[in-house]
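Here is the structure we will look at, set down as structure tokens.
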Amino acid sequence: MALLLSQPHFSGALLLLLVSNLLLWEKAASNLPCVAEEGGCWNPLLETFNSAIQKAETLHNLADQLYVELYYNQFSSGQFWDFSSQIIRQDKTVVRAGSYCHSSLTNPPNTGVHINIEITSYLKTLINFVGSWISPLFHLVIELSATKDVPETILSKAKEIEENNRQILSDLRWILNKVSPVTEMTEEFPHWEYLSFLKSSDKNNKFLAMFNLSYCIDHDSKYILLQLRLLKCLITGKDC
């Protein structure tokens, strides 16, 4: 290459080509072709981020509402306040249910550390983080639907949470494909240890699973929202 660039005939054209390719490579992820529409320009990547963030906001609001309602609705309040008392008494089983979230097995980035972050790896980690909730939320809806006397307000929130989480995962898969089309990913969603509790005929076990799930999805939904906003900034350069 040094020999070619030293030749007057080739230097200008090759240098321009190299610079152009470098710029294209650096900007490919953040500047997808803009789709012209009446009244402006539509950027599919930016709009997908906006859509995912909107769903994440809805997810977090619903998760927060579900967590509070399970504490105060007659359907579950007795069990949930008992669990809180057991946490105060340092019951190891209940303390774990009220503090440990299986999504942590995906090794999500620290929310306060964003230096030298590799975008593709970051996206993959967030996909696994969001994906870790696919099975628990799916089975929560199934179990609540089959449980007698479940309030419609609780069931409807569970269904909306499950749907929004599933759509966020779909958006993240699309974003990864656009940002890094050649990247292959093996999705590894960690197992939720309370699934057998949720399916149990034992009432206490079933509510302990809901206790863990409601705490963790409330916590994790906020994390998902924050990470989507950060990724939007890093990839599109918008709303930083």
Side-chain angles (χ1 to χ4, degrees), residues 16-64 103 106-138 141 157-190 217 220-240:
L16 179 61
L17 179 61
L18 285 171
V19 172
S20 298
N21 284 342
L22 179 60
L23 290 173
L24 285 172
W25 179 79
E26 289 179 339
K27 294 296 183 179
S30 59
N31 289 311
L32 286 181
C34 177
V35 179
E37 287 190 346
E38 184 178 350
C41 188
W42 179 67
N43 185 322
L45 182 60
L46 182 59
E47 290 304 315
T48 302
F49 264 115
N50 289 340
S51 175
I53 289 170
Q54 184 177 40
K55 292 166 192 167
E57 289 172 345
T58 300
L59 173 65
H60 180 54
N61 288 336
L62 288 168
D64 193 50
S103 56
T106 63
N107 297 315
N110 187 319
T111 54
V113 179
H114 304 309
I115 300 173
N116 296 326
I117 197 159
E118 204 282 309
I119 296 298
T120 301
S121 296
Y122 191 10
L123 273 168
K124 288 181 178 180
T125 300
L126 192 56
I127 285 172
N128 281 329
F129 188 87
V130 174
S132 72
W133 282 106
I134 293 297
S135 176
L137 292 172
F138 172 78
V141 172
K157 286 184 181 70
K159 288 179 177 179
E160 287 188 69
I161 289 169
E162 191 273 336
E163 176 66 15
N164 276 277
N165 185 77
R166 184 175 57 79
Q167 290 184 9
I168 291 169
L169 178 60
S170 179
D171 285 341
L172 283 169
R173 286 167 171 162
W174 186 91
I175 290 168
L176 177 63
N177 183 59
K178 295 302 178 184
V179 170
S180 185
V182 298
T183 295
E184 294 184 3
M185 177 179 179
T186 301
E187 294 180 348
E188 298 177 350
F189 302 157
I217 191 61
D220 287 0
S221 61
K222 182 177 181 180
Y223 179 87
I224 291 168
L225 177 58
L226 291 173
Q227 300 314 304
L228 282 170
R229 287 172 174 165
L230 175 64
L231 276 167
K232 177 184 176 181
C233 168
L234 293 174
I235 294 174
T236 71
K238 303 293 184 180
D239 299 330
C240 294

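These numbers come from the heavy atoms of this one structure, side chains and all, not from hydrogens, waters or symmetry mates.
- Thr48 places a side-chain N or O within donor-acceptor distance of the main-chain N or O of Pro44, the cut-off being under 3.5 Å.
- Distance check, rounded to the nearest 0.5 Å: CG of Asn177 to OG1 of Thr183 gives 9.0 Å.
- Looking only at distances, no side-chain donor or acceptor of Asn128 sits under 3.5 Å from a matching main-chain atom of Thr106.
- The nearest pair of heavy atoms linking Ser103 to Pro108 is O-CD, 4.1 Å.
- Side chain of Ser221 to main chain of Ile217: a donor-acceptor pair is present (N/O by atom type, distance under 3.5 Å, no hydrogens or angles).
- The line from CD1 of Ile119 to CG of Leu234 is 4.5 Å long, rounded to the nearest 0.5 Å.
- Rounded to the nearest 0.5 Å, atoms OH (Tyr122) and CG (Leu231) are 5.0 Å apart.
- Listed for the Thr58 side chain is a donor-acceptor partner under 3.5 Å among the backbone atoms of Gln54.
- Counting only distance, with no hydrogens or angles, the side chain of Lys124 and the backbone of Glu184 share a donor-acceptor pair below 3.5 Å.
- Salt-bridge check for Lys157 with Glu160: failed, with every basic side-chain N at 4.0 Å or more from each acidic carboxylate O.
- In this structure, CG in Leu228 is found 11.0 Å from CG in Asn50, a value given to the nearest 0.5 Å.
- With hydrogens and angles disregarded, no donor-acceptor distance shorter than 3.5 Å links the side chain of Thr236 to the backbone of Cys233.
- Here the shortest heavy-atom pairing between Phe49 and Lys232 reads CE2-N, 3.6 Å.
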Next on the checklist: Could you go through Asn107 and Phe129, starting from their C-alpha distance and side-chain angles, then the distance that decides it, and tell me whether this counts as side chain to side chain contact (heavy atoms under 4.5 Å, CB included)?
Outcome noted: CA-CA 8 Å; Asn107 297 315; Phe129 188 87; over 6 Å; no

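- In summary, Arg229 and Glu57 engage in a salt bridge, as defined by a charged side-chain N under 4.0 Å from a carboxylate O.
- When every heavy atom of Phe189 is checked against every heavy atom of Ile127, the shortest pair comes out as CE2-O, 3.7 Å.
- In terms of heavy atoms, Ala56 sits closest to Ile224 at CB-CG2, 4.4 Å.
- To the nearest 0.5 Å, atom CE of residue Met185 and atom OG of residue Ser180 are 11.5 Å apart.
- Checking Thr125, Leu126, Leu172 one by one against Gln227, the side chain to side chain contact (heavy atoms under 4.5 Å, CB included) holds for a single residue, Leu126.
- In summary, the side chains of Asn43 and Lys238 do not present any donor paired with an acceptor at a separation below 3.5 Å, with no hydrogens or angles considered.
- The side-chain hydrogen bond (donor to acceptor under 3.5 Å, both in side chains) test with Lys55 singles out one residue from Asn164, Asp171, Asn165, and that residue is Asp171.
- Atom CG of Asp64 and atom CG of Leu59 lie 11.0 Å apart (nearest 0.5 Å).
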